[in-house]
Amino acid sequence: MWVHTESSDGRAASFVGRDGELAALEAALAGHRLITLAGPGGVGKSRLVRRALETGAGDTFPDGIHRADLSPLPDDRLLVDTVADALDLADHTPRTLGEAVRQWIGGRRLLLVLDCCEHLIAAVRSLVQDLLDAAPHLVILLTSRQPLASEREHVLELGPLPHDANAVEALALFAARAGEAAPAQAPPWEQERIEAARAICARLEGVPLALELAAAQLTDHTVEELAERLARRIGPLAGSGSRRPARHRALRTAVGWSHEWCEPRERLLWLRLSVFGGAFDEPAVRAVCSAAPLTEADTGPLLAALVAKSVVRRTDGGAADADGEGVTYRMLDTIREYGAMWLDAIGEREALRTRHAGYFHPRTGPRTRGMRTHRPQRAGGPGPRGRLPGRRPPRPRPADPAAPVRRLSPQGALPPTGEPPHGSGQAVARRPINSPRAD
């Protein structure tokens, strides 16, 4: 079952734009057996898949389309069970469940959709390889913030909606959701309100989830007031739709889902990268962010891991030289602001600003005094998602299946509101989806 994004009156929300992306996904389903739709949280990966299948992209699978939502799984122990449930398979033989799934699919021509795979990459990679080997007509479509890095994988990268001055898609989405959330502010709009709406789209960089959550605030604000508020700070945008996945009910929760599945040193680099207000390159990262426990040699692999996990985005297609020059990177403001909250929480902001100024304006002189040292975990101490020294972990509480997703930091669990307590991979070559032209 697909989880629908709902409008203010409880109906499934309309789908806006993405014509080019829909065409690219339909072509991929016709020509490849393993497709991953990859991109940052909140860009609409699951929605795009659902829309593509609703409009005929799945008509070529006579044995049906089966979807497994992996987001509720904390680890891979129930992965095969979840896939079996999606196939409506109940096996009572002595075989392993994996064997039963492979045999049941057999020669069937079906599409298996595995939604939200980023926290189970290794297990999903192994499972899909086994299934593709055993079922010659099976096609598997994944949504993930990180590709599998499989030789068979065809990766389509999904980004935010176009949101520059001449683009229409981000503005159209915001206008549609504004009308649903606050009918009194529904378009058509005067030019002043259009400009305020464009400012909102630009501030939120065309991220569909952010635009929808911002529109939900119009029950208490005008478009102009919201634009003024967001110009100062994006803040904890949240919505109240009960049918929205828990990880998408607040913008910080959506970003925190990515944060939870990063390794501790990746999280630390993430928060340090938040000192860059715009584009940056690898030499700048080495100079500014390589304080203990991160060395200059660490920053390259960690940066590549954050790119692979859709936390950091390459801003051009150039090739880097041996020192990493020639390629620039940036973070979406929603992701950067999340890292900046953590940077304040651990007390590194001023020290990093000084290093940043020293690199770009050498006359100021780089200083590292005040940069706290994050010591590696001791043997037998907390695990990869343990706490930093000197902090007492929160007491465990009974799990509430209706509660928002909890995000773990190197220092413990973040509260469901997304407020911070006080955070090596492999780069994957991706095939970007061409942005559609504005009609």
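Between A57 and E26, the shortest heavy-atom distance links the atoms CB-CG, 4.1 Å. Closest non-hydrogen pair, F280 versus V312, comes out as CZ-CG1, 4.1 Å. Nearest heavy-atom pair across T219 and A181 is CG2-O, 3.5 Å. Nearest approach of P40 to L158, heavy atoms of both residues: CD-O, 3.7 Å. For the residue pair G17 and L22, the shortest heavy atom distance occurs at O-CD1, 4.2 Å. Considering all non-hydrogen atoms of both residues, A38 and V155 come closest at CB-CG1, 4.2 Å.
Using a distance-only test at 3.5 Å, with no hydrogens or angles considered, no donor-acceptor pair links the side chain of R67 to the main chain of D115. The backbone N or O of A287 lies less than 3.5 Å from a partner atom in the side chain of R355, making a donor-acceptor pair. In this structure, R125 contributes its side chain and L148 its backbone to a donor-acceptor pair below 3.5 Å. A donor-acceptor pair under 3.5 Å is absent between the side-chain atoms of D76 and the main chain of L79, judged by distance alone. S310 places a side-chain N or O within donor-acceptor distance of the main-chain N or O of R145, the cut-off being under 3.5 Å. Here the side chain of E153 pairs a donor or acceptor atom with the backbone of A149 at under 3.5 angstrom. Put simply, the side chain of T295 gets close to the backbone of D298: a donor and an acceptor are under 3.5 Å apart. Between the side chain of D220 and the main chain of Q217, no donor-acceptor pair closer than 3.5 Å is present. Using modelled atom types, no side-chain atom of R203 and backbone atom of A227 make a donor-acceptor pair closer than 3.5 Å. Within the 3.5 Å criterion, the main-chain N or O of H221 finds a donor-acceptor partner in the side chain of Q185.
More than 12 heavy-atom neighbours from other residues, nucleotides or ligands sit within 6.0 angstrom of CD on Q191. Other residues, nucleotides and ligands contribute over 12 non-hydrogen atoms within 6.0 Å of the CG atom of D75.
Counting heavy atoms from C-beta outward, L332 and V311 have side chains that stay 4.5 Å or more apart. Under the 4.5 Å side-chain criterion, counting only non-hydrogen atoms from C-beta, F174 is in contact with I200. For the pair W257 and C116, the minimum side-chain heavy-atom distance is below 4.5 Å. Between V327 and D281, every side-chain heavy-atom pair lies at or beyond the 4.5 Å cut-off. Here the side chains of L294 and R272 are in contact, with some heavy-atom distance below 4.5 Å. At least one side-chain heavy atom of L34 sits less than 4.5 Å from a side-chain heavy atom of L142. D81 has its side chain within reach of L78: a pair of non-hydrogen atoms, C-beta onward, lies under 4.5 Å apart. The shortest side-chain heavy-atom distance between L273 and L303 falls under the 4.5 Å cut-off.
Judged as a salt bridge (charged side-chain N to carboxylate O under 4.0 Å, His left out), the pairs with a partner in residues 130-139 (not counting sequence neighbours) are, in order, D133-R152.
Every residue two or more places apart in sequence or in another chain was checked for a ring pair (Phe, Tyr, Trp, His ring centres under 6.0 Å) with F61, and none qualifies. Applying the ring pair (Phe, Tyr, Trp, His ring centres under 6.0 Å) test to H356 and every residue at least two apart in sequence or in another chain returns F276, F360. Residues passing the salt bridge (charged side-chain N to carboxylate O under 4.0 Å, His left out) test with E205 are R330, sequence neighbours excluded. Take E225 and apply the salt bridge (charged side-chain N to carboxylate O under 4.0 Å, His left out) test, not counting sequence neighbours, and it matches no residue. Among residues two or more places apart in sequence or in another chain, the ring pair (Phe, Tyr, Trp, His ring centres under 6.0 Å) test is passed with H66 by none.
In this structure, the separation between CG on L302 and SG on C262 is 10.0 Å, given to the nearest 0.5 Å. Note that OG1 of T36 and CD of E157 are 12.0 Å apart. Values are rounded to the nearest 0.5 Å.
Here R353 pairs with E350 in a salt bridge; the nearest charged N to carboxylate O distance falls below 4.0 Å. Of the charged side-chain nitrogens involved, at least one lies within less than 4.0 Å of a carboxylate oxygen, so that D344 and R349 count as a salt-bridged pair. Under 4.0 Å is where a charged nitrogen must lie from a carboxylate oxygen, and between K309 and E118 no such pair does. Remark: E169 does not engage R18 in a salt bridge, criterion side-chain N to carboxylate O under 4.0 Å. A salt bridge does not link E224 to R229: none of the charged side-chain nitrogens sits closer than 4.0 Å to a carboxylate oxygen. Salt bridge status for R267 with E263: absent, with no side-chain N to carboxylate O gap under 4.0 Å.
Looking at T328 and T315, their side chains do bring a donor and an acceptor atom within 3.5 Å of each other. Counting only N and O atoms by type, the side chains of D85 and T82 include no donor and acceptor under 3.5 Å apart.
Cation-pi geometry between R108 and W104 is satisfied (NZ or CZ under 6.0 Å from the ring centre, within 45° of the ring normal).
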